[in-house]
Amino acid sequence: MTMKVTSKTFIRKTKRGNILKIVREHYLRDDIGCGSKICKKCKHNNERPLVKHQSINKDFPDKHYLLVDTNVVLHQIDALEDETLKNVIILQTVLEEVKHLSHSVYKRLMDIIGNYSRSFYVFVNVYHRDTYVERVRGESPNDYNDRMIRVATLWYNKHLDDKIKVLLLSSDEASKAKAINEGIPTMSLEQYISGLNNVTLTDKLSNRSCMVEETSKEPIFPPHLTPAKIHQGIKSGKLMQGTFFASVDNFLEGNVFVEGQEKNILIQGRENLNRAINGDIVAIQMLPESQWSAPANLVLADYDDLDLENDLNTVEKPKEKYPTGQVVGIIRKKWRQYCGIIQHSLVENATRHLFVPAEKKIPKIRIETRQYDKLKDQRVIVSIDTWPRTSRYPLGHFVRSLGKIGERDAENEVILLEHDVPHSKFSDEVLGCLPKETWTISATDLVGRKDFRDLDICSVDPPGCTDIDDALHCMPLDNGNFQVGVHIADVTHFVKPGTAIDLEASQRATTVYLTGRRIDMVPGLLSSNLCSLRGGEERLAFSCVWEMTPNAEIVNSTYTKSVIKSKAAMTYDQAQLIIDDQNQDNSIALGLRQLNKFAKILKKRRIEAGALVLASPEIRFLVDSETRDPLDVEVKQIKETNSMVEEFMLLANVEVAKKIYSDFPEFAVLRRHPKPPPSNFESLIKAAAHLGVELNVDTSRDLANSLDKAVKLDNPFFNTMLRILATRCMLQAIYFASGTKTYDEFLHYGLAAPIYTHFTSPIRRYADVMVHRLLAVSVAANNTTPEMLDKRKIEALCQTLNTRTRMSAYAERASVALNTHIFFRGKIRDEEGYILYVRKNALQILIPKYGLEGTLFLSPRKGQLQAATFTYNEEEQTQRCGEIVFRTFDPVSIQLSLDSSNVQHERIVLKLVKPEIPNFSVPSITASTVAVQESQKNPHEPCDSLCEPQLKKAKI
Amino acid sequence: MDLLSRQGLRTDGRRSGELRRIRCKMGVFNQPDGSAYLEQGNTKVVAAIYGPHEIRTNRSKAPNDSAVINCQYSMATFSRSERKRRPRDNKSAELTLHLKQAMATAIKTDLYPKSQIDIFVQVLQSDGGNYSVCVNAATLALIDAGIAMEEFVISCTASLANGETPLVDISHLEETMGGPSLTVAILPISGKIAMLETSQRIHINHLEPVLTEAVRGCRFIYENLNKIIKKHYEEIGGASNWGTEEYNI
């Protein structure tokens, strides 16, 4: 093979402003194949995915392959993902441009290419001797790339001798004209697909074309600045760059988080929001201080609520003002695919519909479909194409359907997709890594392991737990000290680094627990059998064994791989019974009692150090085993034994963190919980101050102390409410590689531990697997692998773990919310609730029993009359109606029911029962049936609430 | 940015085991006793040899039974895309030592007692693997100077792409973007290693494949240079008519 060499020269400016000329070699090869099965010319055609094109197109009758240009890939990736499009050539030029412009599209394209049945072929045209062209002086990068694409298409057509044509799909009119001029068969994708007569595929086409017809309309939004202007503005300080977060309550409000700014910048009003969608990186301009305003404290769900807004706007300007700005441009769009439903359409046979996303932060999307009748009661996925100035809603297109609304599988699918939880079945490759079902411990497995099979080890877990990853033991030693052991399932014995199962687990990062469904990180054989430390069975473990004084001081610690035989797998209740039952004095009972004693000492020590005790309403559904419908809810009970197990897990995590950090100062995988910035506490301090409670948030100990003192005798739930709110001020705890931070930054704020990691749940968390591997090297049970000692790789993996962990927590919450809805079908309940926030037109109410947070609207909705009027006092954060005053944290009695009038959008309705307000509150449940029936008859009666439980767990 | 695409091509269009283009010319200067110009891709180097000659400095410390080798490695100020202040710095002092060490293993110093051999190398354009190209150029220049050597000293670099595939003869871009890079200088006939250096810690599991690849690169360079030298002497001989005669026999 001979290679020609040319050079690529470009000029770059450094940060300091120096101009650099960079010259790189560029080798041109003749061993790149065309990828076609019928080609006999290419000698080096290793991969030949392109076969004869079968599908018939009435607009292009010849046999053909497709070659797409960059814009088609970028805008029509949903259509490309459709199975009907096959035999597509992707040029390297296109691939690189796509990668540069949109990473998410690039990833999806790579997935298609990786799927062999789709017959996509990447032709590396830039290194091919006959298809590389040099850039002409003065040619723009775009023109150059277009020319490369045309040259490659021309080459293909010549190379295949007209046996098979190569059809260029291009959406740009100018470049299409050029191509046709050069004699290249060219079409737009729309034209090509219309020739295929495929309705689903047509729906998947991006909605760009209808932009043209709407340009005649009056623009609603101000224009965005050009990227060059934005760049200039940010450089000169006139504009700021930040991430846009839409408000959950009010769709006309949002915040922009600008790095380096203490406060988020408030954005209010449709024009100022200027088409930003949640998560976008935007450029903003500050408004003059005279136009600064405050969050409206309103709950607005849709444009239907706009009248309400107008009424309320007349209220005098707020006293306290927040920095306010307007969006002038969108730097990077974070558009993705959204799950949701198609809004009920009044016009028959209409093709244009509104799509309502499940996530409230996302605006409705206008789509075009001919399948409305089929899709009207389905959960569907839609993606946004564009948002022109003239359109109130963004324009998008239908991608696929998930199933019927209300069906559990479809709804679960929505939750999993919305939170990007990988949940496909394990691939054969992954399952191939598993040992046989009949696997037992053999002699080779025992090499280098300590034999703890005779020890009285037992595990304590919630009822119904099948993935038991920890077990404990405790026995007295001759010198008066105790031997305490924490035994963790040895997952890394089965999950070897670099194998398919390891990669899959690292991608999944964590096991996700939805109500009634568990999405495993490792296949079930490992998670609920071979790794699970079940009672009475011999299992491989990784043990931490400490010698402790009766004061719970560690004198001596050993870490070792081991083999154990758990004597009993107990539930919290069972363990509690054994501890309480003084008649039992076998070694397990004695061990448990001693462990319990130790746990109390450890807990006290931890709390003295400033560990926070935070509250979060966690609930559990009792699920019908057959129908998987929720039967009843119960608040998760915390027993003494819960805390006992927890203390020892914390201890093991801290000790292991110390150990791996001392052995791997650069590569240890640790977990830190940063101290929240003081601004996070502002709302909490304010809320407490209204009620005469002063909070000190300087350190975690101060906060813990002042929370302990904040007790009101007349409101026993007051303290819990305060703790719930405090939890919401916290930042997320995150995994990181120790080499990327200084020791001071390792702090775990919530636990008040200077160093912390996760070691105790390798069955359900990948971070623990990484820690296990490190510790195994520390104790010379294993050798290092290159991946373990690559700081960049560890850090990148930590980032994925963090995202996945966060998303799985959200998914779990969403699952609870879904089940709450199912639970309330056809039920009406009166429950105790507490006011969480007082808003201008509503009260946010928390119902601890269901861990549910809902909105009780106080002002009338559009077209409704209401006799009772409320006065809002912003200063004191109260709502007053006659004699009755609502304050934050006040207890109320609430009637809950499900508004099923709109099948597409079931909502939980909150109605006030107590305190009684004439013409506003409803009678308690016995008398209320009549009222509910009424509401079901009238589908347009606006419901009083839109609620989405927002449980926030203290994830530590 | 991937150093190795899914199609198995590097950023400049080579495959993982391919070297850059080699071009060279021997006897480029008149004044020195031997000189050579060597290009490996965009890395371009000149080498000049003076000697063996009398020891000029530190005559008292000169060994009685062997020659002193004096090296100097420098980079032209225009050799990189960003202009350098001065041609020699701490880094080049280190490379000077490495160069001396590698060349000393092959030069038969005991044939030149009480004398000195100067090796000057200068990088004219830098695009990765500077040290390796300098070693190769110095070898060529020593041959041009007619200094007795055991055999060639040939050097090559290798690195890892995506933490798994070894890349041979790395460019500047691959040096800065990639993982650990390894430089090795060998005596290709006996297979001895004259110098081995890594830019950062390299995992033991990776060392062997990367080293093997670098050595393979050395052997390839050796064959190439050997051919070029033979051709060069054929041409020189052709001018005075002994070379061709000999070949005609």
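Here is how names work: the chains are called A, B, and so on, in the same order as the sequence lines, proteins then strands, and each is numbered from 1. As the structure is a prediction and not an experimental result, all values here were calculated from the model.
Checked for salt-bridge contact, B:R15 and A:D31 meet the test: a charged N lies under 4.0 Å from a carboxylate O. A salt bridge between B:R10 and A:E25 is absent, with no side-chain N of the basic residue lying under 4.0 Å from a carboxylate O of the acidic one.
Side chains of B:R6 and A:V122 form no contact here, defined as non-hydrogen atoms less than 4.5 Å apart. When side chains are defined from C-beta on, A:R24 counts as touching B:L173, because their heavy atoms get closer than 4.5 Å.
Nearest heavy atom pair, residue B:L9 against residue A:R29, reads CD2-CD, 3.7 Å. Minimum interatomic distance between B:D12 and A:Y127 (heavy atoms only, all atoms of both residues): C-CE2, 3.6 Å. The shortest heavy-atom contact between B:M177 and A:R792 is O-NH1, 4.2 Å.
Looking at A:T784, both its backbone and its side chain come within 4.5 Å of chain B, counting heavy atoms on both sides. In this structure, chain B has no heavy atom under 4.5 Å from any part of A:R12. Of the atoms belonging to A:K793, it is side-chain heavy atoms, and not backbone ones, that fall under 4.5 Å from chain B. For a residue to count as touching a neighbouring chain, one of its non-hydrogen atoms must lie under 4.5 Å from one of that chain's; by this rule A:V23 touches chain B with backbone and side chain alike. Of the two parts of B:N205, only the side chain, counted from C-beta on, holds a non-hydrogen atom closer than 4.5 Å to a non-hydrogen atom of chain A. If you measure heavy-atom distances from B:E82 to chain A, the contacts under 4.5 Å come from both the backbone and the side chain.
Per-residue counts of heavy-atom pairs under 4.5 Å with chain B were compared for A:L789, A:T785, A:I113; the largest is that of A:T785. Looking only at heavy-atom pairs under 4.5 Å with chain B, the residue among A:H26, A:K8, A:M110 that has the most is A:M110.
Interatomic distance, A:N18 CG to B:S81 OG, rounded to the nearest 0.5 Å: 10.0 Å.
Judged by distance alone, with hydrogens and angles left aside, the side-chain atoms of A:Y27 form no donor-acceptor pair with the main-chain N or O of B:R20 at under 3.5 Å.
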